[in-house]
Amino acid sequence: MKDGSKNMADETLFTFRNIYNAYIDCRKKKRNTANALKFELQLEDNLWSLVYDLQQKIYQPGRSVCFAVKEPTIREVFAADFKDRVVHHLFVRAIEPYVERLFIYDSYACRKGKGTLFGMHRMQKFIRQIQNQDPRGYKDWWYLKADITGFFMHIDQDILYRLVKIHIRRMAVSSQQKRELLWLAQLFIYHDPTQNFVVKGKRSLLSLVPRQKSLFFSEEKQGLPIGNLTSQFFANIYLNELDQFVKRTLRCKFYGRYVDDFFLIDKDKKQIMRWKREIEKFLYDALYVQLHPRKFTIQRLNYGIDFVGFFVKPYRVYPRKRIMRAFKNKVFIIDYHTQSSGKLSVHHKNSLNASLGYFAHVNARRFLAQVTTKYPWVHQYAKDIFTN
């Protein structure tokens, strides 16, 4: 065989090595879950079974677990079975290196090295840059902060598949891998988890999810389930169209996006208002989604911007009031449950540390001092924040 030629096994994406690597990625945050442990009990058999099902094109997504979460707002989640999560990772591992190069720098969600903290610091850097370049500072500048109505539930599946297909066809991989990736993309995008699911937790919570935020009320060929790696990845591909429009057509210098939550900054308020109208038209015409009619703000920059869970000013970052209320409630509940034993459970300790990790990045000493005055035991977990 000549150098550079490949047999069928080399060309396919569905090799044992690739699926095993996808499994390693998948288990990093899910290893102690019941489904992950069950899968691991017969790991080799399960992986080879996946290899066979994928190569024979008989793989189908399994049953999802449906539940509702209350924080930061109540929303519906469909969690895929662990086996399906492995295939999600296989797909994303294959296509992500290519599309990542096409994304703008200021898209912060579900990307390596990015996230909410990165988005917050990036916005703060923008404001400082404006402060340094304008003799009058940032006080005369304006911003638009907006998001999309029921974004995940209103994603048009046909548009999404067309965008994904364009990217896959341009990838420098074998024709067979392109066909395999297109097959998986079609499976994931058009899969309806409401047809095969089991409910976890309180059904009463699910009934509180607004209709516009539920897949059960989405129109045909519309919506993606919140809770899957592929949904987060597809969301970035979908709204990359908005990113490119804002940067290339509107030529907005100061722009950032986290999922469907985005901001634009400019010195001219009229320009901001024009951009808003143009974005609304673009989103409706090109992506069949709409800006939320009430959840948008056009305000002077010196008031600060509420973004990715932080209230950002040039040299200070403050916690959101909703997060402070939630933390007080959390401490009250933990205190109530630990009064008898005097010790925190592992679950409560992890939950508390997660919240304090947020407060370590904001100006919250006065607030934490109030909490620790009422609940002195919290101080031993928050002492690092007070000493920094």
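None of these values were measured; they are calculated from a predicted model. Because only heavy atoms are used, hydrogens play no part in the values below, and waters and symmetry mates are left out as well, while side chains stay in.
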> Going by side-chain heavy atoms closer than 4.5 Å, which hydrophobic residues are tied to Ile58, directly or by a chain of links?
Tyr52
> Do the side chain of Thr372 and the main chain of Ala369 share a donor and acceptor less than 3.5 angstrom apart?
yes
> Between Ser49 and Asp45, is there a donor-acceptor pair closer than 3.5 Å when you use the side chain of the first and the backbone of the second?
no
> Carefully, step by step, assess Glu241 and Leu283 under the rule side chain to side chain contact (heavy atoms under 4.5 Å, CB included).
CA-CA 9 Å; Glu241 302 301 299; Leu283 288 174; over 6 Å; no
> Just jot down the side-chain hydrogen bond (donor to acceptor under 3.5 Å, both in side chains) partners of Gln195, sequence neighbours excluded, or say none.
Asp192
> Using 0.5 Å steps for rounding, measure from the CE atom of Met123 to the CZ atom of Phe254.
12.0 Å
> Under 4.5 Å between any side-chain heavy atoms of Val173 and Tyr98, yes or no?
no
> Starting at CD1 of Ile127, measure out to CD1 of Ile305 and round the result to the nearest 0.5 Å.
4.5 Å
> Is any side-chain heavy atom of Asn35 less than 4.5 Å from a side-chain heavy atom of Phe39?
no
> Are the side chains of Tyr23 and Phe82 in contact, using a 4.5 Å heavy-atom criterion?
yes
> Return each pair, listed once, that meets side chain to side chain donor-acceptor pair (under 3.5 Å) where at least one residue sits in residues 285-296; pairs must be two or more places apart or across chains.
Lys281-Asp285
> Which of parallel (below 30°), tilted (30 to 60°) and perpendicular (above 60°) describes Phe216 and Phe78?
tilted
> Are the side chain of Arg85 and the backbone N or O of Ala80 linked by a donor-acceptor pair below 3.5 Å?
yes
> Would you please test Leu205 and Phe67 for side chain to side chain contact (heavy atoms under 4.5 Å, CB included) and show each step?
CA-CA 8 Å; Leu205 270 182; Phe67 58 95; over 6 Å; no
> Using modelled atom types only, decide if a donor and an acceptor are shared between the side chain of Asn236 and the backbone of Ala109 within a distance under 3.5 Å.
yes
> Can you say whether the rings of Trp377 and Tyr375 are parallel (under 30°), tilted (30 to 60°) or perpendicular (over 60°)?
perpendicular
> Write down the atom of Met324, the atom of Pro319, and the distance for their closest heavy-atom approach.
SD-CG, 3.8 Å
> Please list, chain by chain and in numerical order, all residues satisfying side-chain hydrogen bond (donor to acceptor under 3.5 Å, both in side chains) with Tyr190, sequence neighbours excluded.
Asp158
> Just jot down the side-chain hydrogen bond (donor to acceptor under 3.5 Å, both in side chains) partners of Tyr161, sequence neighbours excluded, or say none.
none
> Could you check if a side-chain atom of Asp335 sits within less than 4.5 angstrom of a side-chain atom of Lys374, using non-hydrogen atoms only?
no
> Does a side-chain heavy-atom distance below 4.5 Å link Phe14 with Val51?
no
> Do His154 and Ile148 come within less than 4.5 Å of each other through their side chains, counting heavy atoms only?
no
> Could I get the full list of side-chain hydrogen bond (donor to acceptor under 3.5 Å, both in side chains) partners for Ser351, not counting sequence neighbours?
Lys330
> Do Lys112 and Glu96 make a side-chain contact, defined as non-hydrogen atoms from C-beta onward lying under 4.5 Å apart?
yes
> Quick one: does Asn132's side chain have a donor or acceptor within less than 3.5 Å of a partner on Arg128's backbone?
yes
> Is the backbone N or O of Val259 less than 3.5 Å from a side-chain atom of Arg257, with the two atoms forming a donor-acceptor pair by type?
yes
> Does Gln244 use its side chain to pair, donor to acceptor, with the backbone of Leu102 at less than 3.5 Å?
yes
> Filter on side chain to side chain donor-acceptor pair (under 3.5 Å), then keep only pairs touching residues 214-232, sequence neighbours left out; what's left?
Glu76-Ser214
> Starting at NZ of Lys200, measure out to CG of Leu206 and round the result to the nearest 0.5 Å.
12.5 Å
> Can a donor-acceptor pair be found between the side chains of Asp243 and Tyr255 at a distance below 3.5 Å?
yes
> Would Lys114 and Tyr258 count as a cation-pi pair here, with the cationic atom under 6.0 angstrom from the ring centre and within 45° of the axis?
no
> Once salt bridge (charged side-chain N to carboxylate O under 4.0 Å, His left out) is applied, what residue pairs with a partner in residues 101-110 remain, sequence neighbours excluded?
Asp106-Arg122
> List the atom of Gly304, the atom of Lys313, and the distance in Å for their closest heavy-atom pair.
CA-CG, 4.0 Å
> Atom CG of Leu229 and atom SG of Cys110: how far apart are they, to the nearest 0.5 Å?
8.0 Å
> In a check of side-chain hydrogen bond (donor to acceptor under 3.5 Å, both in side chains) between Glu180 and each of Lys178, Gln177, Gln176, which one passes?
Gln176
> Find the distance between CD1 (Ile279) and CG (Leu144) and round it off to the nearest 0.5 Å.
6.0 Å
> Does anything in residues 308-330 form a ring pair (Phe, Tyr, Trp, His ring centres under 6.0 Å)? List the pairs, not counting sequence neighbours.
Phe310-Tyr358, Phe327-Phe359
> I'd like to know whether Leu54 forms a side chain to side chain contact (heavy atoms under 4.5 Å, CB included) with Leu184, so could you lay out the CA-CA distance, the side-chain angles of the two residues, the decisive distance to 0.1 Å, and finally the verdict.
CA-CA 9 Å; Leu54 289 167; Leu184 285 179; 4.0 Å; yes
> Please check if any side-chain donor atom of Gln212 sits under 3.5 Å from a side-chain acceptor atom of Thr149, or the reverse.
no
> Show me, pair by pair, the donor-acceptor contacts under 3.5 angstrom made by side chains of residues 266-276, not counting sequence neighbours?
residue: Asp266; atom: OD2; partner: Asp268; partner atom: N; Å: 2.9
residue: Lys267; atom: NZ; partner: Asp134; partner atom: OD2; Å: 3.0
residue: Asp268; atom: OD1; partner: Lys270; partner atom: N; Å: 2.9
residue: Gln271; atom: OE1; partner: Trp275; partner atom: NE1; Å: 3.3
residue: Lys276; atom: NZ; partner: Glu280; partner atom: OE2; Å: 3.0

> Applying salt bridge (charged side-chain N to carboxylate O under 4.0 Å, His left out), which residue pairs with at least one partner in residues 299-312 are found, sequence neighbours left out?
Asp306-Arg320
> Gly309 and Ile323: which non-hydrogen atoms are nearest, and at how many Å?
O-CD1, 3.4 Å
> Counting distance only, does the side-chain N/O of Lys139 pair as donor-acceptor with the main-chain N or O of Leu301 below 3.5 Å?
no
> So do the side chains of Tyr143 and Gln299 get within less than 4.5 Å of each other, counting heavy atoms only?
yes
> Going by ring pair (Phe, Tyr, Trp, His ring centres under 6.0 Å), Phe234 matches just one of Phe91, Phe152, Phe151. Which one?
Phe91
> Where the side chain of Tyr238 meets the backbone of Asp156, is there a donor-acceptor pair that is under 3.5 Å apart?
yes
> What heavy-atom pair brings Gly227 and Val77 nearest, and what distance separates the two atoms?
CA-CG1, 4.0 Å
> Sub-3.5 Å donor-acceptor pair from the side chain of Glu11 to the main-chain atoms of Ser174, do we have one?
no
> Listing request: all salt bridge (charged side-chain N to carboxylate O under 4.0 Å, His left out) pairs with a residue in residues 201-211, at least two apart in sequence or in separate chains.
none
> Taking all atoms of both residues into account, what is the closest heavy-atom pair of Val92 and Pro97, and its distance?
O-CD, 4.2 Å
> Working to the nearest 0.5 angstrom, can you tell me the gap between His88 NE2 and Lys83 NZ?
10.0 Å
